[in-house]
Amino acid sequence: MDKTAHTCTPFNDSLAGVDGSALAVSRHPGSRVPVLFAHGFGQTRHSWAASARQLAAHGFSSLAYDARGHGQSPWNPAGQPYHPQQFVDDLIAVSGQLSPTPVLVAASMGGLFGLMAQARWPGLFSAMVLVDITPRWETKGVERILAFMQAHPEGFDCFGHAADEIARYQPHRPRKSEQALRNLLRQSEDGRLHWHWDPRLLSELGQGAQAHQQAIAEAARRIDCPLLLISGGRSDMLSQATIDEFLQLVPHARHTQLPQATHMLAGDDNHAFTTTVIQYLDSLPVLATDGKSATSHLTGALQ
């Protein structure tokens with residue numbers, strides 16, 4: 001295969017969520033099974049850009065979307081709280097518009113909703129890759145993330161200010177450029193820069209996440225598709241105990257660890273992360289066929 005032949009510039013589009021909301025997406029064409037990327041809490045689809053390019057070089061098509069309330073996707077209107085089931089339904093709706101049956105690669109929040117979606121609709125994904133998330137997680141990791149997200153409700157006066165704060169939060173990472181920050185920040189009418197997500201998400205979704213752990217664990221028990229968990233050796237979200245429990249819930253799952261990566265492992269060492277994903281996908285016999293799954297009816301069934 002001429003891997004370079006599949007490398008291309010992504011194109012932006014939208015797909016309908018469960019209520020018809022136009023969820024913002026970025027696509028990379030390819031001849032191999034589609035990979036559906038689902039980002040973490042407070043992130044956007046752009047967190048997968050480097051991985052999508054590397055997958056495209058190996059022939060995989062991919063689609064990354066902004067979850068509702070994030071990035072360029074719509075926010076819930078006033079009076080409509082954010083609820084986990086909305087995000088699960090959106091994931092089912094988006095997956096149902098892809099053919100053949102996609103592989104889900106999902107980080108943190110996206111991985112939790114992926115487990116719930118696959119358990120609710122078996123066969124939704126041909127395989128799953130969870131990125132540093134299990135049904136139970138370490139409280140200290142969530143508290144650290146939420147503390148950072150809550151730290152600047154007034155926003156930032158310039159891109160440099162935001163870059164300084166991110167550098168303090170992730171001192172092991174290169175400093176963010178203004179170009180990179182434009183995908184993470186939005187400008188309000190007063191000219192200040194704010195994170196590219198709805199602040200209501202913190203209280204309506206983030207603060208109550210722990211209450212859903214048992215339901216997510218029960219969903220994990222029902223997963224029967226191939227599954228890989230990639231964890232970060234320096235993650236404060238997962239521990240050996242949470243990983244061991246997950247492997248008991250899903251005995252057929254594989255696990256690999258990137259020793260120097262934190263919870264944000266796709267950004268810490270993207271090449272190693274994406275290479276791990278590609279090697280896993282190449283090892284799966286289920287992806288060697290072009291069989292199509294009848295998922296195109298899912299969107300209508302959710303409405």
Side-chain angles (χ1 to χ4, degrees), residues 10-29 34-49 52 61-126 128-131 133 183-184 186 195-206 208-209 212 215-216 219 293-303:
F11 63 93
N12 297 315
D13 195 1
S14 65
L15 284 179
V18 63
D19 55 2
S21 298
L23 302 176
V25 307
S26 294
R27 301 175 186 259
H28 276 81
V35 173
L36 173 58
F37 288 112
H39 63 73
F41 190 59
Q43 294 184 314
T44 73
R45 69 190 191 277
H46 299 290
S47 62
W48 299 113
S61 64
S62 68
L63 181 144
Y65 74 102
D66 288 339
R68 66 174 57 231
H70 294 74
Q72 294 176 310
S73 287
W75 294 8
N76 277 3
Q80 182 183 9
Y82 290 96
H83 188 275
Q85 196 57 56
Q86 285 183 302
F87 292 81
V88 174
D89 287 347
D90 282 339
L91 185 52
I92 293 174
V94 170
S95 179
Q97 296 171 74
L98 301 179
S99 183
T101 309
V103 173
L104 179 70
V105 177
S108 201
M109 175 189 79
L112 298 177
F113 295 143
L115 289 171
M116 297 171 73
Q118 176 72 5
R120 177 178 165 188
W121 209 293
L124 185 67
F125 308 119
S126 56
M128 300 175 67
V129 177
L130 299 185
V131 185
I133 194 63
N183 292 324
L184 302 176
R186 56 184 172 82
W195 298 120
H196 222 322
W197 40 263
D198 188 344
R200 289 168 48 202
L201 287 164
L202 287 169
S203 59
E204 296 177 5
L205 196 69
H212 302 284
I216 300 168
S293 162
T295 58
S296 58
H297 64 288
L298 291 176
T299 303
L302 289 166
Q303 295 175 343

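We count residues from 1, following the sequence as given. Model, not experiment: these values are computed from the prediction.
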**Item:** Value rounded to 0.5 Å, distance of CG in Leu112 from CD1 in Ile216
**Value:** 4.5 Å

**Message:** Looking at every heavy atom in both His28 and Ala52, which two are closest together, and how far apart are they?
**Reply:** ND1-CB, 3.4 Å

**Message:** Does the plane of the ring in His70 sit parallel, tilted or perpendicular to the ring in Phe87? Use 30° and 60° as the thresholds.
**Reply:** perpendicular

**Message:** Can a donor-acceptor pair be found, under 3.5 Å and without considering hydrogens, that links the side chain of Thr101 to the backbone of Ser126?
**Reply:** no

**Request:** With the side chain counted from C-beta on, respond yes when Pro199 and Trp75 share a heavy-atom pair under 4.5 Å apart, and no when they do not.
**Result:** yes

**Request:** Kindly indicate, with the supporting measurements, whether the criterion side-chain contact (heavy atoms from CB on, under 4.5 Å) is fulfilled by Leu91 and Phe125.
**Result:** CA-CA 11 Å; Leu91 185 52; Phe125 308 119; 4.0 Å; yes

**Complete:** Between the CH2 atom in Trp121 and the CE atom in Met116, the distance rounded to the nearest 0.5 Å is 15.5 Å

**Complete:** All heavy atoms of Pro34 vs all of Ser61, minimum pair found to be CA-OG, 3.1 Å

**Message:** For a side-chain contact (heavy atoms from CB on, under 4.5 Å) check, start with the C-alpha distance between Leu124 and Leu104, then their side-chain angles and the critical distance, and finish with the verdict.
**Reply:** CA-CA 9 Å; Leu124 185 67; Leu104 179 70; over 6 Å; no

**Prompt:** Once you round to the nearest 0.5 Å, how far does OG of Ser26 lie from CD of Gln72?
**Reply:** 8.0 Å

**Asked** How about Asn76 and Gln86: does a side-chain donor come under 3.5 Å of a side-chain acceptor?
**Response** yes

**Fill in**
Nearest heavy-atom contact between Ala219 and Leu115 is CB-O, 3.9 Å

**Prompt:** Would Val35 and Trp48 satisfy side-chain contact (heavy atoms from CB on, under 4.5 Å), going step by step from the backbone distance to the final call?
**Reply:** CA-CA 11 Å; Val35 173; Trp48 299 113; over 6 Å; no

**Message:** So does Ser62 get a backbone contact from the side chain of Arg27, meaning a donor-acceptor N/O pair under 3.5 Å?
**Reply:** no

**Asked** Do Glu204 and His83 have side-chain heavy atoms sitting under 4.5 Å apart?
**Response** no

**Request:** Provide the closest heavy-atom pair for Gly69 versus Tyr82 in the form atom of the first, atom of the second, distance.
**Result:** CA-OH, 3.6 Å

**Item:** Nearest non-hydrogen partners of Ala24 and Ser73, listed with the distance
**Value:** N-OG, 2.9 Å

**Message:** Quick check: do Leu15 and Leu63 have side-chain heavy atoms less than 4.5 Å from each other?
**Reply:** yes

**Asked** Minimum heavy-atom separation for Gly40 to Gln43, with atom names?
**Response** N-OE1, 2.8 Å

**Message:** If we ignore hydrogens and angles and just use 3.5 Å, is the side chain of Ser108 paired with the main-chain N or O of Ile133 as donor and acceptor?
**Reply:** no

**Message:** Taking Leu184's backbone N and O only, do any of them form a donor-acceptor pair with His46's side chain (distance below 3.5 Å, no angle check)?
**Reply:** no

**Item:** CA sep, side-chain torsions, deciding dist, call: Ile92, Val18, side-chain contact (heavy atoms from CB on, under 4.5 Å)
**Value:** CA-CA 8 Å; Ile92 293 174; Val18 63; over 6 Å; no

**Asked** Is a donor on one side and an acceptor on the other found under 3.5 Å between the side chain of Ser21 and the backbone of Pro74?
**Response** no

**Message:** Which residue in the set Asp19, Asp198, Asp89 passes salt bridge (Lys or Arg N to Asp or Glu O under 4.0 Å) when paired with Arg68?
**Reply:** Asp19

**Asked** What is the ring orientation for Trp197 with Phe41, classed by angle as parallel under 30°, tilted 30 to 60°, or perpendicular over 60°?
**Response** parallel

**Prompt:** For Asp90 and Tyr65, what are the C-alpha separation, side-chain angles and deciding distance, and is it a side chain to side chain donor-acceptor pair (under 3.5 Å)?
**Reply:** CA-CA 10 Å; Asp90 282 339; Tyr65 74 102; over 6 Å; no

**Request:** Please list all pairs passing the salt bridge (Lys or Arg N to Asp or Glu O under 4.0 Å) test where one or both residues lie in residues 35-47, with sequence neighbours left out.
**Result:** Arg45-Asp66

